[in-house]
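To start, the structure under review is shown below, and the notes come after it.
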Number of protein chains: 2
Amino acid sequence: MSKHHASPQNIKVAVDTAILRIKDGVMHVLLIQMKKAPFQGMWAMPGGLLEDDEKCLLAASRILTTQTGLTDVFLEQLATFDDIDRDPAGRVMSVAYVALLPDQEIKLHTTDKYSDVRWFPVKKLPSLAYDHKQIIKEAMERVAGKIQYTNIVWSLLPREFTLTELQQVYEIILGKTLDKRNFRKRIEDLQLIKPTGKTRSGMAHRPAALYQFKHRKLEYVQVM
Amino acid sequence: MSKHHASPQNIKVAVDTAILRIKDGVMHVLLIQMKKAPFQGMWAMPGGLLEDDEKCLLAASRILTTQTGLTDVFLEQLATFDDIDRDPAGRVMSVAYVALLPDQEIKLHTTDKYSDVRWFPVKKLPSLAYDHKQIIKEAMERVAGKIQYTNIVWSLLPREFTLTELQQVYEIILGKTLDKRNFRKRIEDLQLIKPTGKTRSGMAHRPAALYQFKHRKLEYVQVM
DNA sequence: ACAAAAGTGTTGTTACTACACCCATGG
DNA sequence: CCATGGGTGTAGTAACAACACTTTTGT
């Protein structure tokens, strides 16, 4: 309803982005190390206060591009976190976003705002500022849920990939192994991907056929 | 990350609640009619600006209680809506919530803030203020999705209910008819409900056995 | 006795699971 | 020729879909 009272609000709005990617067989999240008190030396998700004329999604996108240089990736709102004392500096609520990146070389852009930027396995997080531990947990739950009834897995894979790579993404996110033949049957039935005709050779085994997604945008399909 | 800049923000935060309930066989949403310009005479979801020391969930709960007098109902965050010009009076973002109520007599509390309060079928909405049409649409999608993989259906039913009433809730939300025998088999397998021993008589047909949910809180189960 | 909703089983079909061997390549 | 991961089919089982009649009550 957004009705206006006489008394002005004293609430600030920040946007934080959980930037997720699979690396070395486990899910990683991009964290920055903070320079200033009260969280000096601690790690946090990249984020910042929202500008007056900026949509949250745009702010999340800006944060993502600043840190990674990437633009065309999966990005969606997760939830808004507003515990009264989540920020010791005052009432700051965070509209959190989730970004999913393919497993590729990413040049991390360190800015002078932070003392460091790094990928951390989500299961081995350092001590985090604010309520970011909770936000990352919910981001993971969102991904694990959504990979089962949508095609978002495309966002975690490069344009061309092998069936084994596709299967590994599912195995990592769901935390269980899958039967190769049953998995391939399932994927074929869904008709989400098509062979590119190319193969990936150079390894000491039979070359794997490369596939690509027919559509690289969110669709709803019962995968598992 | 919630870092603080020198320039103060000029963004307000409101909380709006989509209060949903099944009535006369279709989903209804509670709307209030606005008194003031620029949306005078138009309808909107109840809501209001967030207080400085108030959590969003608490604000949503307060809104719900103010309008309906109810307290112990399903209430969860939906999403945050922040189109720059969603409110012509300035930058006001809305943290939207969804409330689900059982189909029972509800005394609506009209306050002098609004000129009217009413239930509207979600498929026959009047002209709505702000982006509330979109918010209600997303609320409905959330409910339709969540009823399939959780037990939230309890929130739309009274404490005691018949199997037919339970089935009707699914049929209304999913928008399709279900086979009675298959439905009952499914529900029995899930073990979410138990018979109360009582029956509902007084109608010109065989009395129906009454059931109740074992747990009236959110659980994850594949229902359909 | 009639109308109206409650309650109840079986069968065919489809989807899922479990499982093992040959293939193509690089070293 | 050996090591490595790529690629493929079948059979048994479990889940799901389709379907119709009898029961109990109120009028």
Side-chain angles (χ1 to χ4, degrees), chain A residues 22 24-26 103 147-149 151 153 157-172 174-213 220-224, chain B residues 22 24-25 103 147-149 151 153 157-158 160-172 174-213 220-224:
Chain A
I22 291 172
D24 307 328
V26 292
D103 184 8
I147 206 171
Q148 299 191 61
Y149 64 91
N151 66 343
V153 67
L157 287 162
R159 185 167 244 94
E160 298 193 325
F161 52 88
T162 68
L163 292 177
T164 300
E165 287 164 357
L166 178 62
Q167 182 175 344
Q168 282 167 349
V169 174
Y170 279 95
E171 291 182 335
I172 290 162
L174 300 179
K176 61 180 179 191
T177 58
L178 302 170
D179 179 87
K180 182 161 56 159
R181 282 168 291 188
N182 294 338
F183 178 81
R184 288 173 182 224
K185 244 176 296 173
R186 191 86 192 93
I187 293 298
E188 187 172 14
D189 290 347
L190 293 172
Q191 297 195 196
L192 297 173
I193 63 173
K194 59 182 179 193
T196 65
K198 296 182 232 170
T199 57
R200 175 168 300 161
S201 59
M203 281 141 293
H205 56 79
R206 177 171 172 177
L210 289 170
Y211 292 80
Q212 62 185 210
F213 278 88
Y220 290 82
V221 272
Q222 194 63 37
V223 182
M224 312 253 105
Chain B
I22 291 172
D24 306 328
D103 184 8
I147 205 171
Q148 300 190 60
Y149 64 91
N151 67 343
V153 68
L157 287 163
E160 299 194 325
F161 53 88
T162 68
L163 291 176
T164 300
E165 287 164 357
L166 178 62
Q167 182 175 343
Q168 282 167 349
V169 174
Y170 279 96
E171 291 182 335
I172 290 162
L174 300 179
K176 62 180 180 191
T177 57
L178 301 171
D179 179 87
K180 181 160 58 159
R181 281 168 291 187
N182 293 338
F183 178 81
R184 287 172 183 224
K185 244 177 293 174
R186 191 87 194 90
I187 293 299
E188 187 173 14
D189 290 348
L190 292 172
Q191 298 195 196
L192 298 174
I193 63 174
K194 60 183 177 190
T196 65
K198 295 182 233 169
T199 57
R200 176 167 300 161
S201 59
M203 281 140 293
H205 57 80
R206 177 171 173 177
L210 289 169
Y211 292 81
Q212 62 185 212
F213 278 88
Y220 290 82
V221 272
Q222 194 64 36
V223 181
M224 310 251 106

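All chains are named by letter (A, B, ...) in the order of the sequence lines, taking the proteins before the strands, and each is independently numbered beginning at 1.
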* To do: Report, as yes or no, whether the 6.0 Å neighbourhood of atom CZ on A:Arg159 holds more than 12 heavy atoms from other residues, nucleotides or ligands.
  => no
* Heavy-atom count around A:Glu188 CD within 6.0 Å, excluding the residue itself: above 12? -> no
Rounded distance in Å - [atom1] ([X]) to [atom2] ([N]):
| X | N | atom1 | atom2 | value |
| --- | --- | --- | --- | --- |
| A:Gln222 | C:dC16 | CD | P | 10 Å |
| A:Gln167 | D:dG7 | CD | C1' | 12 Å |
| A:Lys176 | C:dA18 | NZ | P | 11 Å |
| A:Leu163 | D:dG7 | CG | P | 6 Å |
| A:Glu165 | D:dG5 | CD | P | 13 Å |
| B:Leu166 | C:dA6 | CG | P | 12 Å |
| A:Met224 | C:dA15 | CE | P | 16 Å |
| B:Asn182 | C:dT14 | CG | P | 16 Å |

* B:Lys180 or B:Arg186: which one's nearest nucleotide on DNA chain D is closer to the 5' end? -> B:Arg186
* DNA chain C: A:Asp179 or B:His205, which has the more 5' nearest nucleotide? -> B:His205
* Side chain of B:Arg206: nearest nucleotide among D:dG26, C:dT8, D:dT23? -> D:dT23
* **Closest contact, heavy atoms only, A:Leu178 versus A:Gln167** => O-NE2, 2.9 Å
* To do: Quick one: closest heavy-atom pair of A:Leu190 and A:Gln222, and the distance?
  => CD2-O, 3.7 Å
* Exam field: side chain A:Arg186 to backbone A:Val223, donor-acceptor pair closer than 3.5 Å -> yes
* Can a donor-acceptor pair under 3.5 Å be found between the side-chain atoms of B:Arg181 and the base atoms of D:dA20? -> yes
* Is any N or O donor-acceptor pair between the side chain of B:Lys185 and the base of C:dT10 shorter than 3.5 Å? -> yes
* Asked: Reckon B:Thr164 touches a base, only the sugar-phosphate, or nothing at all at heavy-atom distances under 4.0 Å?
  -> sugar-phosphate
